[in-house]
Number of protein chains: 2
Amino acid sequence: MNDAISDILPRETVLHIRDTCLCLAAQRAARRLARRFDAALKPFGLTNGQFSLMVALNQPEPPPIGRLAPFLGMNPSTLTAAVKPLARRGLLTVEPDPDDRRSRRLRITREGVALMREAVEVWRAEHAALESDMDEDLPDTLRQGLAGIK
Amino acid sequence: MNDAISDILPRETVLHIRDTCLCLAAQRAARRLARRFDAALKPFGLTNGQFSLMVALNQPEPPPIGRLAPFLGMNPSTLTAAVKPLARRGLLTVEPDPDDRRSRRLRITREGVALMREAVEVWRAEHAALESDMDEDLPDTLRQGLAGIK
DNA sequence: TCTAGTTACTTTGATATCAAAGCAATATGA
DNA sequence: TCATATTGCTTTGATATCAAAGTAACTAGA
């Protein structure tokens, strides 16, 4: 007789968590959307996350990591790692801020802009297709709901 | 003169994507919720994803990987990897299905159940706290919206 | 000035994530 | 029954993710 058993948690507890857990619901939806946009952006060699990061670089002043991380809901160390493949491909550069040498600013390159001009059009098409799959007011409802998670 | 430039994408395009992209909004919210539940479940050595997986094992018959993956919105290969640390800790076992030896069923162990009994209470408390941070009808709105993403 | 504290980021080590390719078992059709 | 196709899962190689601990640079207060 080994450890494997059938003596499980109460069925109602399991169903309750399954049906109400916002964290599970969010992870599930995030994975599905990630796969969808990863596939759409594949011709550009970009993942959904890389696309979002590249979009966020388009600011009058190249933003530092410390400003991008909260915007993306991301830990700064994740961003440090995420920058590497993009820098390696020459899509962005990392420059120390002259006014504060601790801070490092991410600047999109010409190549990055050229790639993004095309990628944005694919994003538009894919997002339109996504929304057309959904009930009328679901997109806005979702946007409001997701924005409410701090 | 290097590659770095200031010739960026149209400002309106950037703002449009930033404010409407459901994929970005979902990743951002998923990261925030993941961190929150990871922190709450840390005393049990469980991540939010491990918790959800363990909950899903509580079924009359131990489910095969191929049934769990779609439930979690996950690629089967991700699940194969996710199982390893949990099996190593003795929280679940992997058994070949006697009726189809390709299929592998995940069975929660006694230890797994014991751990989950406590973890579920922490989940309850954390989820209640999460919902109390939100506007009245936001949780249900979000659940419906997230469930609408296929 | 120092010096202590804070901030911005990186490194480390672990798990998470996927697509693609691979393997073995099952199912199907001739 | 044999060959082919399909199915269920795993492996591989790459990026993603985090917390914790580390480093360097800045700040504030004595």
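Here is the naming used below: chain letters follow the sequence lines, and residue numbers restart at 1 for every chain.
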Study note, to complete from the structure: Residue pair A/P98/A/S77 against DNA chain D: nearer the 5' end by closest nucleotide is A/S77

Review point. So what does B/R105 hit on the nucleic acid, given a heavy-atom distance under 4.0 Å: a base, only sugar-phosphate, or nothing?
Key: nothing

Practice item. Give the intermediate values and the outcome of side chain to side chain donor-acceptor pair (under 3.5 Å) for residues A/R67 and A/Q59. Key: CA-CA 12 Å; A/R67 182 138 50 88; A/Q59 298 185 21; 2.9 Å; yes

Review point. Using a cut-off of less than 4.0 Å, is there contact between a side-chain N or O of A/R101 and OP1 or OP2 of D/dC26?
Key: yes

Check your understanding: When you match A/P76 and B/G73 each to their closest nucleotide on DNA chain C, which lands nearer the 5' end?
Key -> A/P76

Point to revise | Closest to the B/P85 side chain, choosing from D/dT11, C/dC9, C/dT15 | key: C/dT15

Point to revise | Residue-phosphate contact under 4.0 Å: A/R102 side-chain N/O, C/dC9 OP1/OP2 | key: no

Point to revise | Whole angstrom value for the distance that separates P of C/dA19 from CG of A/D38 | key: 7 Å

Check your understanding: What is the nucleic acid contact for A/G49, judged by heavy atoms within less than 4.0 Å: base, sugar-phosphate only, or nothing?
Key -> nothing

Practice item. Apply the salt bridge (charged side-chain N to carboxylate O under 4.0 Å, His left out) test between A/D97 and each candidate in A/R105, A/R102, A/R104; give the one that qualifies. Key: A/R105

Practice item. Taking only the side-chain nitrogens and oxygens of B/T78, find out if one of them lies under 4.0 Å from OP1 or OP2 of C/dT17. Key: no

Check your understanding: Does the side chain of A/K84 get closer than 4.0 angstrom to OP1 or OP2 of C/dT11 through an N or O atom?
Key -> yes

Review point. Could you give the CG-to-C1' distance, from B/L33 to D/dC18, as a whole number of Å?
Key: 15 Å

Point to revise | Closest approach of A/C21 to B/W123 (non-hydrogen atoms, all atoms of both residues) | key: SG-NE1, 3.2 Å

**Study point:** For atom CZ of B/R89 and atom C1' of C/dT15, their distance in whole Å
**Key:** 12 Å

Exercise for review: For A/P64 and for A/A34, find the nucleotide of DNA chain C with the closest heavy atom, then tell me which residue's nucleotide is more 5'.
Suggested key: A/P64

Check your understanding: C/dA8 phosphate, OP1 or OP2: any side-chain N/O from A/R104 under 4.0 angstrom?
Key -> no

Review point. Picking from D/dT10, C/dC18, D/dA16, which would you name as closest to the side chain of A/R35?
Key: C/dC18

**Study point:** Donor-acceptor pair, side chain of B/D38 and main chain of B/N48, under 3.5 angstrom
**Key:** yes

Check your understanding: In whole Å, what is the span from the CE atom of A/M74 to the P atom of D/dA16?
Key -> 8 Å

Exercise for review: Check the distance between C/dT15's C1' and B/N48's CG and give it to me in whole angstrom.
Suggested key: 11 Å

Check your understanding: Does the side chain of A/H127 come under 3.5 Å of the side chain of A/E131 through a donor N or O and an acceptor N or O?
Key -> yes

Review point. OP1 or OP2 of D/dT17 less than 4.0 angstrom from a side-chain nitrogen or oxygen of B/R31, does that happen here?
Key: yes

Point to revise | Minimum-distance nucleotide to A/K42 side chain [options: D/dA16, C/dA20, C/dT15] | key: C/dA20

Review point. Sub-3.5 Å donor-acceptor pair from the side chain of A/R107 to the main-chain atoms of A/E95, do we have one?
Key: no

Exercise for review: Let me know, please, whether B/A81 or A/T47 comes out on the 5' side of the other along DNA chain D by nearest nucleotide.
Suggested key: B/A81

**Study point:** Touch class at under 4.0 angstrom, heavy-atom based, for B/N75 against every strand present
**Key:** base

Review point. Do A/S103 and D/dA25 share a donor-acceptor pair, side chain to base, under 3.5 Å?
Key: no

